[in-house]
Participant: 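Just dropping this structure here.
Whatever order the structure lists ligands and atoms in, that order sets their numbers, starting from 1.
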Amino acid sequence: MTDSLLPDGLHPQTLAVRQAIPRSQYGEHSEALYLTSSYVQPDAASAARRFANEEAGYTYSRTANPTVTSFEQRLAGLEGTECAIGTATGMAAISLMAFGLLRSGDHVVASRSLFGSTIKLLGTELARFGVETTFVAQTDLQEWKQAIRPGSTKLFFAETPTNPLTDVCDIAALAQLAHDAGALLAVDNSFLTPALQRAAALGADLVVHSGTKFLEGQGRVLAGAVCGPRAIVEEKLGAFIRSAGFNLSPFNAWVVLKGMETLFIRMREQSRNALALAQWLEQQPQVARVYYPGLASHPQHALAMRQQNGSGGAVLAFDVRGDSPETLRANAFHVIDQCRVISKTTNLGDTKTTISHPATTSHGRLSEAQRQAAGVGQGLVRISVGLEYPLDIQNDLLGGLMTLPVQSPPSP
Ligand SMILES: *Cc1c(COP(=O)(O)O)cnc(C)c1O
């Protein structure tokens with residue numbers, strides 16, 4: 001591998017561009033795309049040794065593929081973990097981790113504010129296999145602690161900041177709690193990426209990704225990954241994926257690899273745009289509240305700044321004013337529908353700014369009571385801020401805010 005020629009100690013920003021580019025005999029400068037399902041063997045005896053894992057060499061792409069390997073090595077370099085394993089989607093990464101590590105009778109403690117499909121996977125699907133999950137409040141360490149079942153709690157699972165309300169949990173404190181209980185801590189780092197948050201350095205054992213979001217960065221393909229120590233990722237999850245087949249396709253790995261070259265500059269610029277938009281939204285009389293960790297008004301602002309490299313990330317949410325669920329929803333829909341630049345789509349992490357109404361999309365399957373417990377009201381609007389000129393995004397929102405169908409006076 002030519003990346004062994006790179007000097008040690010390079011900054012992650014350099015690794016994002018340079019790590020893991022093994023060149024073929026043609027000396028191509030851009031990462032090669034190895035779109036192949038199997039590999040020709042020099043002879044039968046070599047094939048036998050490779051299949052027996054006695055000799056290095058590619059055999060079949062469910063076992064390994066050079067383009068996927070490059071993605072895995074680059075992401076591990078950025079996260080500061082020994083290795084990483086690529087998966088077809090973010091949910092495949094979380095499934096791989098759960099099925100590869102847990103068995104019937106094991107117990108998981110997880111935040112109640114996780115990504116919706118993760119809650120469904122842990123709370124419903126895994127329960128069918130005898131793995132129980134206790135869901136606790138994202139920011140209440142005491143609840144995490146009280147949920148521990150000595151001997152059977154094997155995994156803590158957290159995601160920070162949460163979607164859509166941007167609640168931030170203390171990774172180092174959760175790692176301590178998990179380790180004291182003999183459990184592992186896994187953190188979903190899809191929202192911040194290693195450019196802004198390195199969960200392993202804060203004590204997380206495993207870091208999972210939806211590569212679909214900011215790692216890829218331009219809304220083109222689905223991808224995922226689990227990062228962590230060799231003894232878990234390679235030996236346990238690697239062995240499991242070869243049977244389970246949750247693999248990342250080489251084409252998608254290549255798209256994400258190219259996306260990662262611009263990761264640092266995108267995260268920096270999109271977070272800067274998000275902060276400016278959050279500060280502007282806080283001043284609009286039609287906006288009741290803004291949720292963004294970069295704002296001094298955010299309840300975990302100090303923790304977020306410490307943990308997230310001084311940045312709030314690129315996702316924010318806000319409540320429009322209104323005095324009943326119906327008027328709140330009408331006003332939120334109006335703000336969304338008046339947008340002519342911002343895309344009405346639930347994806348996030350794109351260079352294009354996106355807007356969505358969580359209560360009727362990502363959180364639409366919950367009952368009104370569950371939604372209110374989660375703090376997701378009918379007036380809540382989520383925005384994933386992209387790379388457009390900030391004033392154009394403000395003006396796009398201003399059109400809707402200035403013409404709300406139901407005006408209510410600002411509370412004193
Ligand atoms: C989107 C997302 C996932 C799921 O990823 P897919 O690639 O869509 O499977 C998991 N966690 C978080 C935080 C996400 O935003």
Participant: Report the residue from Phe51, Tyr39, Tyr34 that forms a ring-ring contact (aromatic ring centres under 6.0 Å, His included) with Tyr58.
Facilitator: Tyr39

Participant: Parallel under 30°, tilted from 30 to 60°, perpendicular over 60°: which one fits the rings of Phe191 and Phe214?
Facilitator: perpendicular

Participant: As an exercise, identify every atom of ligand 1 less than 4.0 angstrom from a heavy atom of Ala223.
Facilitator: 7 (O)

Participant: Answer with yes or no whether the side chains of Gln138 and Ser113 bring together a donor and an acceptor at under 3.5 Å.
Facilitator: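 Checked: Ser113/Gln138 side chains show no N/O donor-acceptor pair below 3.5 Å.
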
Participant: When you look for heavy atoms under 4.0 Å from ligand 1, do you find them on the side chain of Ala92, its backbone, both, or neither?
Facilitator: neither

Participant: Ignoring hydrogens and angles, state whether a donor on the side chain of Thr118 or Glu159 is under 3.5 Å from an acceptor on the partner side chain.
Facilitator: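 Per modelled atom types, Thr118 and Glu159 side chains form no pair under 3.5 Å.
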
Participant: Among protein heavy atoms, which sits nearest to atom 6 (P) of ligand 1, and what does the distance come to when rounded to 0.1 Å?
Facilitator: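 Result for atom 6 (P) of ligand 1: Gly90 N, 3.4 Å.
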
Participant: Does an N or O from Ser210, backbone or side chain, lie closer than 3.5 Å to an N or O of ligand 1?
Facilitator: yes

Participant: Just jot down the ligand 1 atoms closer than 4.0 angstrom to any heavy atom of Asp188, in number order.
Facilitator: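 Here the atoms of ligand 1 in question are 10 (C), 11 (N), 12 (C), 13 (C).
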
Participant: Looking only at heavy atoms, is any part of Leu222 under 4.0 Å from ligand 1, and if so is it the side chain, the backbone, or both, or is it neither?
Facilitator: neither

Participant: Of the protein's non-hydrogen atoms, which lies at the shortest distance from atom 4 (C) of ligand 1, and what is that distance?
Facilitator: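 Scanning the protein heavy atoms, the shortest distance from atom 4 (C) of ligand 1 goes to Phe115 CE2, 3.4 Å.
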
Participant: If the cut-off is 4.0 Å to any non-hydrogen atom of Glu159, which atoms of ligand 1 fall inside it?
Facilitator: 13 (C)

Participant: Testing the 3.5 Å rule here: is there a donor-acceptor pair between the side chains of Thr193 and Lys213?
Facilitator: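 On atom types as modelled, these side chains do not qualify, holding no pair under 3.5 Å.
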
Participant: Does any N or O atom in Met91 lie less than 3.5 angstrom from one in ligand 1, N or O only?
Facilitator: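 Yes, there is a polar N/O contact under 3.5 Å.
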
Participant: Restricting to non-hydrogen atoms, name the atom on His209 and the atom on Cys227 that form the minimum distance, rounded to 0.1 Å.
Facilitator: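 In this case the closest contact between His209 and Cys227 is CD2-SG, 4.4 Å.
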
Participant: For Ala223 and Val256, which heavy atoms make the closest approach, and how far apart are they?
Facilitator: CB-CG2, 3.7 Å

